[in-house]
Amino acid sequence: MRSLTYAEAIREALKEEMENDNRVFVMGEDVGKFGGCFGVTGNLWELFGEERVRDTPISETAIIGASVGAAATGMRPVPEIMFADFLTVCMDQLVNQAAKIRYMFGGKAKIPMTVRVPVGAGLSAAAQHSQSLEAWFTHVPGLKVVMPSTPSDAKGLLKAAIRDDNPTMFFEHKILYSIKGEIPDDLDIIPLGKADIKREGKDVTVVATSLMVYKALEAAEQLEKEGISVEVVDPRTLFPLDEDTILESVKKTHKAVIVHEACVRGGFGGEIAAVITEKAFDYLDAPIKRVGALNVPIPFNGKLENYVIPGTEDIIKAVKAVTE
Amino acid sequence: MELSKEQLIEMYKKMVQIRKFEERVVKLFADGKIPGFVHLYIGEEAIAVGACSAIEPKDYITSTHRGHGHLIAKGGKIDLMMAEILGKATGYCKGKGGSMHIADVDLGILGANGIVGGGFTIAAGAGLSAKMRGTDQVTLCFFGDGASNQTTFHEGINMASIWNLPVVFICENNQYGISLHQSRHQRVADVSDRAVAYGIPGVTVDGNDVVAVYEAVNEAVKRARNGEGPTLIECKTYRHRGHFEGDPVVYRSENEFNEWLKKDPIPRFEEKLTEMGVLSKKEVDEINEWAVKIIDEAVEFALNSPEPELESAVRDVYTDIIEEVRK
């Protein structure tokens with residue numbers, strides 16, 4: 001078993017898929033010789049050349065629009081949008097074009113495109129470089145949404161996304177890029193739509209995504225000492241969502257806390273809470289709790305930023321609230 | 001390249017086919033047979049036909065909300081188009097797309113598009129794909145004067161120009177962005193002037209002269225196939241109908257309309273062909289009758305086609321997931 005960082009694992013997935021299939025190519029701002037804003041594409045430019053690791057102008061609209069055109073005509077582009085916040089610039093291409101072309105054309109086209117996007121706060125990057133906007137894309141039929149937390153999940157899920165024939169949003173947390181994790185020797189693809197139980201427990205289910213998985217595990221560790229056994233479920237993909245794994249866990253623990261870094265209002269936690277309420281209401285012993293960022297833009301000052309985004313203490317508080 | 005007699009006749013037939021198709025849509029819409037919005041191409045036929053006559057079946061086009069003409073010119077099947085416009089299960093998109101989203105990817109038609117300016121970057125992507133796959137396929141990107149003010153115009157043409165992509169950007173300048181006259185939506189008189197900003201050739205042609213359009217596009221297609229990059233071609237034209245069917249067209253004068261009617265591309269081409277001896281008056285009549293007959297058959301096919309089954313609504317969103325039906 002090898003150990004890789006999250007960024008290295010993503011790069012390895014890209015490399016392997018580009019080796020496997022010459023239709024796969026990467027494009028985005030500074031992904032070439034520069035190696036990517038967060039160094040994720042790294043040396044791919046040296047390995048595959050500037051045709052397949054393609055630097056683009058600062059034109060998010062063209063990056064996604066051209067990816068859609070290339071995907072519709074036989075390529076498998078993996079565009080990178082430098083920050084999730086910049087997805088706002090290319091929303092038409094994602095929402096009106098990529099997501100809907102297959103449907104509008106009566107099923108006679110496919111858009112095999114994987115959009116890689118760094119999300120999240122924690123770098124004092126302020127309100128336009130720190131957002132977690134994944135929930136928006138789950139609201140658009142036609143897109144798949146992936147949000148891995150560990151290096152091995154990132155690698156296996158990215159390989160699956162690239163091989164998938166549908167447009168897929170792949171959200172990578174900036175803070176996780178440097179985190180290390182073990183990569184099983186036999187890791188191939190991890191199918192989209194399969195949650196992973198990151199820690200087993202019996203008293204309360206914590207459904208957490210991306211960086212929040214680690215905070216939930218920290219919380220679980222501390223709560224264990226107080227005699228509260230926490231099960232941490234990482235959905236890994238938000239659509240398709242593995243409802244069964246979440247529901248089975250809730251049916252076992254009878255309590256649920258949902259954690260994401262995005263602000264609570266309109267966040268994906270609301271959707272998960274609704275699924276649990278609709279399908280496992282009778283199993284619940286306490287109201288569901290949602291933990292997320294305060295409903296404000298991400299502030300610049302590090303102390304303010306930390307205050308706004310959810311932390312381990314917030315999760316502990318929420319778990320205690322539902323277990324009391 | 002000199003156009004052969006057969007090519008000229010083929011071009012005339014396509015123009016007539018588009019005109020008759022659109023005239024029938026006017027009637028069907030007025031009769032309440034067509035749901036939603038339709039944007040008609042009457043008056044602009046020379047552009048789609050001239051341009052698509054300069055490319056091959058393997059090549060691509062991106063179209064617009066005013067797309068019926070492009071589709072017919074690129075070989076789209078009239079019966080499947082009519083069925084789609086009527087929302088039927090047999091239509092191009094199984095009744096899920098309608099007039100604004102007809103596509104036939106197998107014919108290289110990458111779709112009409114309901115978003116003004118939606119085609120620029122998709123066309124650049126098709127051009128990139130052709131280049132990376134090592135084919136000599138060219139993409140024609142049709143758009144209007146109104147779309148030339150969208151950000152996609154800049155980003156798509158810029159990308160195509162820096163990467164020397166085989167794309168021909170064809171502006172159908174019909175003078176109006178919906179109700180707003182060109183003089184009120186941009187400072188330049190010729191959209192082709194903007195080519196300078198991308199370091200690519202820009203030309204303006206009479207968009208109501210099918211041969212002039214053909215010649216300009218043919219030249220640009222040759223450049224594109226030779227790896228010399230994109231061209232911006234502006235075709236000056238005029239739509240005879242409103243922006244959409246039902247548009248009261250309060251924004252243009254009768255005088256202006258009548259002046260443009262005199263430049264109607266179809267009678268002009270007809271006159272030219274009869275003068276050249278390519279077509280006799282009798283042959284012209286026969287072509288017009290043939291076109292009407294084909295439309296009659298398409299309409300009959302469409303009207304007799306079934307509505308889509310309700311549960312078909314949940315299919316074709318993904319390649320591998322069928323959404324839940326209403327319970």
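Letters A, B, ... are given to chains in the order of the sequence lines, protein chains preceding strands, and every chain is numbered from 1.
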With a 4.5 angstrom heavy-atom cut-off, could you sort out which part of B:Leu110 is near chain A: side chain, backbone, both or neither?
both
Which portion of A:Asp165 sits near chain B, non-hydrogen atoms under 4.5 angstrom
both
Which bit of A:Asp164 is near chain B, if near means a heavy-atom gap under 4.5 Å: side chain, backbone, both or neither?
side chain
Other residues, nucleotides, ligands: >12 heavy atoms within 6.0 Å of A:Glu19 CD:
yes
Per-residue contact mode, A:Glu60 against chain B (heavy atom under 4.5 angstrom):
backbone
Nearest atoms (heavy-atom pairs only) where B:Val317 meets A:Pro141
CG1-C, 3.9 Å
Any side-chain heavy-atom pair of B:Leu128 and A:Met27 under 4.5 Å
yes
Using non-hydrogen atoms and a 4.5 Å limit, figure out which bit of B:Glu323 sits close to chain A: side chain, backbone, both or neither.
side chain
Distance (rounded to the nearest 0.5 Å) between B:Ile102 CD1 and A:Phe105 CZ:
10.5 Å
Check: A:Gln93 and B:Glu155 side chains under 4.5 Å, non-hydrogen atoms
no
Does atom OH (A:Tyr283) have a neighbourhood of more than 12 heavy atoms from anything else shown, all under 6.0 Å?
no
More than 12 non-hydrogen atoms from neighbouring residues, nucleotides or ligands closer than 6.0 Å to CG on A:Leu47, yes or no?
yes
Restricting to non-hydrogen atoms, name the atom on A:Pro57 and the atom on B:Met159 that form the minimum distance, rounded to 0.1 Å.
CD-CE, 4.1 Å
Please check: side-chain N/O of B:Ser129 versus main-chain N/O of A:Thr73, any donor-acceptor pairing under 3.5 Å?
yes
Given heavy-atom pairs under 4.5 angstrom as the criterion, report whether the side chain, backbone, both or neither of B:Ala89 touches chain A.
neither
Straight-line distance of B:Gln150 CD to A:Asp92 CG, nearest 0.5 Å:
8.0 Å
Give me the atom names and distance for the closest heavy-atom approach of A:Ala66 to B:Ala124.
CB-C, 4.5 Å
Is B:Tyr60 close to chain A through its backbone or its side chain, or both, or neither, when contacts mean heavy atoms under 4.5 Å?
side chain
For B:Asn113, which atoms come within 4.5 Å of any heavy atom of chain A: side chain, backbone, both, or neither?
side chain
Please state whether the side chain, the backbone, both or neither of A:Lys144 comes within less than 4.5 Å of a heavy atom of chain B.
both
So for A:Arg52, is it side chain, backbone, both, or neither that comes closer than 4.5 Å to the heavy atoms of chain B?
both
Heavy atoms of other groups near B:His185 NE2, more than 12 under 6.0 Å
yes
Enclosure of B:Ile322 CD1 (heavy-atom neighbours >12, cutoff 6.0 Å):
no
More than 12 heavy atoms of other residues, nucleotides or ligands under 6.0 Å from NZ of B:Lys58: yes or no?
yes
Please check: side-chain N/O of A:Asn166 versus main-chain N/O of B:Thr319, any donor-acceptor pairing under 3.5 Å?
yes
Under 3.5 Å, is there a donor-acceptor pair between the side chain of B:Lys96 and the main chain of A:Gly106?
no
So which heavy atom on B:Met132 is nearest to which on A:Glu51, and how close?
CE-O, 3.3 Å
Take atom NZ of A:Lys15 as the centre, draw a 6.0 Å sphere, and report whether it contains more than 12 heavy atoms from other residues, nucleotides or ligands.
no
Residue from B:Ala103, B:Gly125, B:Gly118 scoring the most non-hydrogen pairs under 4.5 Å with chain A is B:Gly125
Should B:Tyr318 and A:Arg102 count as side-chain neighbours, where that means a heavy-atom distance under 4.5 Å?
no
Okay, side chain of A:Tyr103, backbone of B:Arg315: is any donor-acceptor separation there less than 3.5 Å?
no
Select one option (side chain, backbone, both, neither) describing which atoms of A:Gln97 are under 4.5 Å from chain B's heavy atoms.
side chain
Please flag which part of B:Asn158 lies under 4.5 Å from any non-hydrogen atom of chain A: side chain, backbone, both or neither.
side chain
Enclosure of B:Glu56 CD (heavy-atom neighbours >12, cutoff 6.0 Å)
yes
Pairwise distance NZ(A:Lys100) to NE2(B:His101) - rounded to 0.5 angstrom:
9.5 Å
Who wins among B:Asp320, B:Ile162, B:Val105, B:Thr151 for the most heavy-atom pairs under 4.5 Å with chain A?
B:Asp320
Looking at OH of B:Tyr92 and NZ of A:Lys108, how far apart are the two atoms once the value is rounded to the nearest 0.5 Å?
8.0 Å
